[in-house]
Amino acid sequence: MRLEQMRARNADQFAIHSKNGIDEAAYVPIGGIDQWITIRGEDRANPVLLFMHGGPGDVTNPWAFAFFAPWEQYFTVVQWDQRGAGRTLRKNGRAIAPTMTIARMAQDGVELAEYLRSHLHKQKIIVVAHSFGSMIALQMIRSKPELFYAYVGTGQVADSTRNYSAAYDALLRKAQAAGNQEALDELRRVGPPPYKSGEGYRVQRKWSNRFEGADQFLYGTIGQMLVAPGNSVQDFIDDEAGQMLSGETLVDQTTSLKPQDFGLTFAIPIFFFQGAEDFTTPTELARQYLGSIQAPKKEFVAIPGGGHFAMFIRSAEFLDLLVKRVRPIALKK
């Protein structure tokens, strides 16, 4: 079957047919530039959920159609190609690089939340943030808590200054428990961070992905991207270009951030649904961070398996948590 046929098949299979459903994809003026968003859901009466992708620059719009389809029964799901990523980069080009700061992107997120409230006629929205996206989303909810019902972090960044060292220690313990001599040898050869070259970080990433079961998932997203409705090879090119530009401009802005920089006091409920063995944004750091937070409600749930990508690899469990613990907050308002 040709890629065009597979895209057409998926477009039909994942189409929104319900009378009160919504399926929109468009550029929206945000922060002085046009930014790409998609909005999908089976019932406009459902709570609106804004998903903040990680990376930086690792857009989900091109490949996550099948993962988010079950969510669309309970939420109106909004995906956003952040400044400098995906189709937003395609529209604006690399010239926007000087504007790519955490503060500016958090303000973009606030403007998007305000647009969604108006466009979808909602009082507030829910925000779910993965990995790098959690750093932006926390700034959003600190600055404008009145726009949001609740925050859900997964692959939650908790302390950039300790992230790699904590991950290294956790990887060593995992390798020892698993009796994986190859992992032990490689990790001991590069030693603990910080590293003078990229090799140490590559070794950590290799074994993080291996122990989390992320390799197969990540390869699978490429296949999903190629057969996603409305996609072309250009979306793959945009994704790669966005991750490269975002890495160049944003990573150095985040390496010295501590819990107090992300925020310790919040006015809305805070949930961390973290992979029980996340070796990329270590589970224990996220647990400690939530313990230091003051909020009207807070809850930490460790999801067995899935690691850093638990929301996708254990998608059914993650959705169940959203439906049972977060959705009711929006429904009772």
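- By the criterion of side-chain heavy atoms lying less than 4.5 angstrom apart, applied directly or through intervening Ile, Leu, Val, Met, Phe, Trp or Tyr residues, L138 is grouped together with I268 in one hydrophobic cluster.
- Side-chain contact between Q274 and T281: present, with at least one pair of heavy atoms (C-beta onward) separated by less than 4.5 Å.
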Candidate pair Y149 and K332, rule side chain to side chain contact (heavy atoms under 4.5 Å, CB included), full reasoning: CA-CA 10 Å; Y149 284 120; K332 70 182 183 180; over 6 Å; no
Intermediate values then yes/no, side-chain hydrogen bond (donor to acceptor under 3.5 Å, both in side chains), N46 and R327: CA-CA 9 Å; N46 280 330; R327 188 172 184 264; 2.7 Å; yes
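- G57 and S246 get closest at one heavy-atom pair: CA-OG, 3.5 Å.
- Not a single donor-acceptor pair under 3.5 Å links the side chain of H308 to the backbone N or O of H130.
- The side-chain contact (heavy atoms from CB on, under 4.5 Å) test with P56 singles out one residue from I102, L250, T249, and that residue is L250.
- Separation of atoms CD (E42) and CD1 (I16) is listed at 4.0 Å; rounding is to 0.5 Å.
- Contact between T280 and S208 at its shortest, heavy atoms only, is OG1-CB, 3.9 Å.
- For R94 and E248, the salt-bridge test passes: some basic side-chain N is under 4.0 Å from an acidic carboxylate O.
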Stepwise side-chain hydrogen bond (donor to acceptor under 3.5 Å, both in side chains) test for T161 and D159: CA-CA 5 Å; T161 65; D159 187 339; 2.5 Å; yes
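- With hydrophobic clusters built from ILVMFWY side chains whose heavy atoms lie under 4.5 angstrom apart, V28 shares a cluster with V127.
- Heavy-atom neighbours of F266 CZ from other residues, nucleotides or ligands within 6.0 Å: above the threshold of 12.
- At least one side-chain heavy atom of F14 sits less than 4.5 Å from a side-chain heavy atom of R40.
- Taking CE from M100 and CD1 from I96, the interatomic distance works out to 6.0 Å, rounded to the nearest 0.5 Å.
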Criterion salt bridge (charged side-chain N to carboxylate O under 4.0 Å, His left out) on K206 and E182, from CA distance to verdict: CA-CA 12 Å; K206 170 186 174 179; E182 181 185 1; 3.8 Å; yes
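- F217 and M225 fall within the same hydrophobic cluster, defined by Ile, Leu, Val, Met, Phe, Trp and Tyr side-chain heavy atoms under 4.5 Å apart, directly or through other members.
- Heavy-atom neighbours of E4 CD from other residues, nucleotides or ligands within 6.0 Å: above the threshold of 12.
- Considering all non-hydrogen atoms of both residues, I313 and A214 come closest at CD1-CA, 4.3 Å.
- Put simply, CD1 on I125 and CG on L116 are 5.5 Å apart, with the number rounded to the nearest 0.5 Å.
- Under the 4.5 Å side-chain criterion, counting only non-hydrogen atoms from C-beta, M135 is in contact with T254.
- Checked against the 6.0 Å centroid threshold, F68 and F51 count as a close aromatic pair.
- The backbone N or O of L226 lies less than 3.5 Å from a partner atom in the side chain of R7, making a donor-acceptor pair.
- Here the side chains of D239 and D58 are in contact, with some heavy-atom distance below 4.5 Å.
- In this structure, the side chain of S165 does not engage the main chain of P192 through any donor-acceptor pair within 3.5 Å.
- The 12-atom threshold is exceeded at CZ of R104, counting heavy atoms of other residues, nucleotides or ligands nearer than 6.0 Å.
- Both I293 and I141 belong to a common hydrophobic cluster when Ile, Leu, Val, Met, Phe, Trp and Tyr are linked at side-chain heavy-atom distances under 4.5 angstrom.
- Checking side-chain atoms of S134 against main-chain N and O of S131 turns up a donor-acceptor pair under 3.5 Å.
- Closest approach of K124 to F148, counting heavy atoms only: CD-O, 3.7 Å.
- Here T88 contributes atom OG1 and W36 contributes atom CH2; the two are 9.0 Å apart, rounded to the nearest 0.5 Å.
- Side chains of L3 and V227 form a contact here, defined as non-hydrogen atoms less than 4.5 Å apart.
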Trace of the side chain to side chain contact (heavy atoms under 4.5 Å, CB included) decision for D108 with Q82: CA-CA 8 Å; D108 288 349; Q82 297 161 19; over 6 Å; no
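- Annotation for K144: atom NZ does not count as buried by contact number, only 12 or fewer foreign heavy atoms lying within 6.0 Å.
- For R162 and E284, the salt-bridge test fails: no basic side-chain N is under 4.0 Å from an acidic carboxylate O.
- Taking each heavy atom of K122 and R44 in turn, the nearest pair found is NZ-O, 2.9 Å.
- No side-chain heavy atom of F132 sits less than 4.5 Å from a side-chain heavy atom of V157.
- The CG atom of L290 lies 8.0 Å from the CD1 atom of I270; values are rounded to the nearest 0.5 Å.
- For the residue pair I136 and M52, the shortest heavy atom distance occurs at CG2-CE, 3.6 Å.
- Under a 3.5 Å cut-off, the side chain of D238 and the backbone N or O of L89 do not form any donor-acceptor pair.
- A heavy-atom distance below 4.5 Å is not found between the side chains of D81 and Q35.
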Full working for side chain to side chain contact (heavy atoms under 4.5 Å, CB included) between Q234 and I237: CA-CA 5 Å; Q234 185 62 47; I237 295 171; 3.9 Å; yes
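- Criterion: ILVMFWY side-chain heavy atoms under 4.5 Å apart, direct or through other members. Under it, V77 and F273 are part of a common hydrophobic cluster.
- Although no hydrogens or angles enter the test, the distance criterion places no donor-acceptor pair under 3.5 Å between the side chain of E111 and the main chain of I30.
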Check against side chain to side chain contact (heavy atoms under 4.5 Å, CB included), Y164 and T255: CA-CA 10 Å; Y164 281 105; T255 54; over 6 Å; no
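- For the pair K91 and Y27, the cation-pi criterion (under 6.0 Å, within 45° of the ring axis) is fulfilled.
- Taking CH2 from W71 and CG from L49, the interatomic distance works out to 6.0 Å, rounded to the nearest 0.5 Å.
- The six-membered or imidazole ring of F67 lies near that of W63, with a centre-to-centre distance under 6.0 Å.
- Ion pair E199/R189 flagged as a salt bridge, since at least one NZ, NE, NH1 or NH2 atom sits closer than 4.0 Å to an Asp/Glu carboxylate oxygen.
- The ring-ring contact (aromatic ring centres under 6.0 Å, His included) test with Y201 is passed by exactly one of W207, Y195, Y168: Y195.
- Using a 4.5 Å cut-off on side-chain heavy atoms (C-beta onward), M140 and L50 make contact.
- Proximity of a side-chain donor or acceptor of Y151 to a complementary backbone N or O of A129 within less than 3.5 Å is not detected.
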